[in-house]
Structure formats: structure tokens, C-alpha cells
Amino acid sequence: MAETRPKILVVDDIPSNVHVLSRILKDDYDIYFATDGEKALELVQRRLPDLVLLDIMMPGMDGYEVCSRIKADPATNDIPVIFISAKSEVEDETRGLEVGAIDFITKPISPPIVKARVRNHLLLKRQADLLRSLSFLDGLTGIANRRRFDETMEREWRRCARIQQPVSLVILDVDHFKAYNDHYGHQSGDECLRAVAEVLAERMKRPCDLVARYGGEEFICLLPETENSGAAQVAEWLRAAVADCGIPHAKSPVASCVTISLGVATMVPGSSRTPDQLAQAADQLLYQAKRAGRNRVQGATVPAL
């Protein structure tokens, strides 16, 4: 599969400047452009570019303000910003770096300098993204870890609060996993968790859905913009898929193979609600599923206060 080309957003209120930069970079990158600050922020949110080339002097919202807003948003603050401006005083460059820019190129621009700096900063970003992605993976199963889940949950919670859509959580764990470890050994237990994680990850169909290892033999699935009935259906698919793997579990009183129990909670984010409350509700429902006999789904929508 061909590697995706990096995306660059060019922001300048003078169209001829945009055209010059586009001609310099279009052979190697996908170029988007904006001629004012508001449009630039909209494109940053919608396109999530790999780098922003930003003019300072623009009518209305200037480049300093645009950069400050990009860096203030957790969803975009890792996007590198390079200021391109005719302003070349030390104070101008210092202010640009203080608001979060990574570099400063003065006009008139030199095509070789622009190409070199863009290439270097994209390489640095790619390396940083790789390290960041590795820090978000669970070392045993290879799926998302708790840190990745917490960051994604925070972002999706805010997004769903803005559009007033529900967020569903599925918390699940492997039934009688201690007995499995005691009987088959910890190495086999690790293999079991890897197999369960693979099944769960394969059934996360939408880009916004996420499955993560929550701790021990416990996993969690984040399903934004999903009603409880839909989330419960996903949970049932997960339960059936794990059982269909047929991983032997001689010491389980539930079945002859490895099974999972699942709690499914749904909540529409609001000012009096938090992600922790949703997780606690899903955990309580998981406990109910266990008390009811395990290898089952227990779901509920958390009512408004």
C-alpha cells in the first residue's frame, strides 16, 4: 500500500503567496489553504494537517492568535506550525516561538529553504508520532493501553457534548481467568489475553470506536454516538466471537471454553456528568452480568439527573 502523502495547510490572506507555496510543495504533499484565521482553524479541525505554514499579518485574527488556538486544543497541539512572514525582527520571531511555532521563515521566501525546513519538520513529527503511538500500546496485547483510552475518551466526550450525542462504554473481562492461569500457566494466560484482544479489535468497525486493555484481564470499548441498544448489540457480537474461538478452559464452571462477561452503559455528556461516572456505571453492570451467571451482556442507559 502506498504511503499517505503528508498534508500541509497554507494560511495567507494574499492568494499569490498561497500559489507560490503551493507550486513549491505540491509535488510532494497534499496542500490545503485558507485566507483568514477562522477558515484556518476550521480546516485544522477538519483535516488535521501534518504541518501548518502560517502568515502572521492577516486582517481580523492574526497568525499569533491562530497559532495560540491550535496549540491550546489537545486535539491539534502536536501539529507543527511554521510562521512565514515579512516581519523579521527578533521580537517578532520570539513572540512566534512563545505562542508555539516550531520555526520562522522570512519573506521573500527561498524555495530550497522552504522545502528543506518543511521536510525536516515533517520527519521530526513522523518520529514523534511513532514514539507517541508506541507509548499508547499495551505491551502484552498490542492494542490500545489505558493512557490511549483516557485521552481518546476525553476528546470524544467533549465532542459528543457539543453535538449532544450519546457515548457508550463496554467494560468486559475474561470469566474465571485466575483459574485459567492456575491451570494452564501464565504463559498460556498471556496467549489467551492476546487472542481475546485480537478478536475485540477486529470487531471495532468505525474509526471513532476504540478497544483498550483496561487492566489485568479487563478490556474496555469506547463507542461514541451510539445508543445503548446498539452498544449492547456490539457487546453481544464480542461475547459470541470470543466464545466461538473455542479456547479450552477446563476449570471454568461457565463453559468448556473461554468466555467473557460485559457491562454496557450509555450516557449523553452534560455539565453534571463525567466520563468517570459512565465508567463506574459500566463497571456496575459488568458486576451484575457476573452475578447473573457470567458469559452474558448487561446494559443500561444512565438517566439524566
Worksheet entry | Trace of the side chain to side chain contact (heavy atoms under 4.5 Å, CB included) decision for V258 with C192 | CA-CA 8 Å; V258 168; C192 173; 3.9 Å; yes
For a quick test of your reading: what N or O donor-acceptor pairs under 3.5 Å do the side chains of residues 281-291 make, sequence neighbours left out?
| unit_1 | atom_1 | unit_2 | atom_2 | d |
| --- | --- | --- | --- | --- |
| K290 | NZ | D173 | OD2 | 2.6 |

Item to complete: Not counting sequence neighbours, list each pair that qualifies as a side-chain hydrogen bond (donor to acceptor under 3.5 Å, both in side chains) and has a residue in residues 260-271.
Response: S168-T266, D175-S261, N228-T266
Fill in: E156 side chain vs M153 backbone, donor-acceptor pair below 3.5 Å
no
Discussion item. Suppose we screen for side chain to side chain donor-acceptor pair (under 3.5 Å). Which residues come up paired with E42, at least two apart in sequence or across chains?
Written reply: R46
Item to complete: Tell me, please, which residues at least two apart from Q45 pass side chain to side chain donor-acceptor pair (under 3.5 Å).
Response: D73
Item to complete: Linking directly or through intermediates, with side-chain heavy atoms under 4.5 Å: list the remaining ILVMFWY members grouped with L124, chain and number order.
Response: none
Discussion item. I'd like to check the side chain to side chain donor-acceptor pair (under 3.5 Å) partners of D138; sequence neighbours left out, ordered by chain and number.
Written reply: T141, R213
Worksheet item: Residues two or more places apart in sequence or in another chain: which of them pass ring-ring contact (aromatic ring centres under 6.0 Å, His included) with F136?
Response: none
Worksheet entry | Sequence-distant partners of F219, ring-ring contact (aromatic ring centres under 6.0 Å, His included), two or more places apart | none
Worksheet item: Quick one: ring-ring contact (aromatic ring centres under 6.0 Å, His included) partners of H121, sequence neighbours excluded?
Response: none
Discussion item. List the residues meeting side chain to side chain contact (heavy atoms under 4.5 Å, CB included) with E198, not counting sequence neighbours, and say none if there are none.
Written reply: E202
Worksheet item: What orientation do Y184 and Y180 show, parallel under 30°, tilted 30 to 60°, or perpendicular over 60°?
Response: tilted
Fill in: M267 reachable from F149 in the ILVMFWY side-chain graph, under 4.5 Å edges
yes
Fill in: Hydrophobic cluster (4.5 angstrom, side-chain heavy atoms) - remaining members for I14
none
Practice prompt. State, with a plain yes or no, whether a side-chain heavy atom of D30 is found less than 4.5 Å away from one of P6.
Written response: no
Item to complete: For A34 and L9, work out which heavy atoms get closest and say how close.
Response: N-CD1, 4.2 Å
Fill in: Check: S135/R147 side-chain N/O donor and acceptor closer than 3.5 Å
yes
Worksheet item: Do K71 side-chain atoms and I79 backbone N/O form a donor-acceptor pair below 3.5 Å?
Response: yes
Worksheet item: Checking side chain to side chain contact (heavy atoms under 4.5 Å, CB included) for the pair V268/Q165: CA distance, chi angles, key distance, verdict?
Response: CA-CA 6 Å; V268 177; Q165 288 294 310; over 6 Å; no
Worksheet item: Other hydrophobic cluster members with I109, side-chain heavy atoms of Ile/Leu/Val/Met/Phe/Trp/Tyr under 4.5 Å, chained?
Response: I8, V10, V18, V20, L21, I24, L25, Y29, I31, F33, L51, L53, I82, I84, I102, I105, V114, V118, L122
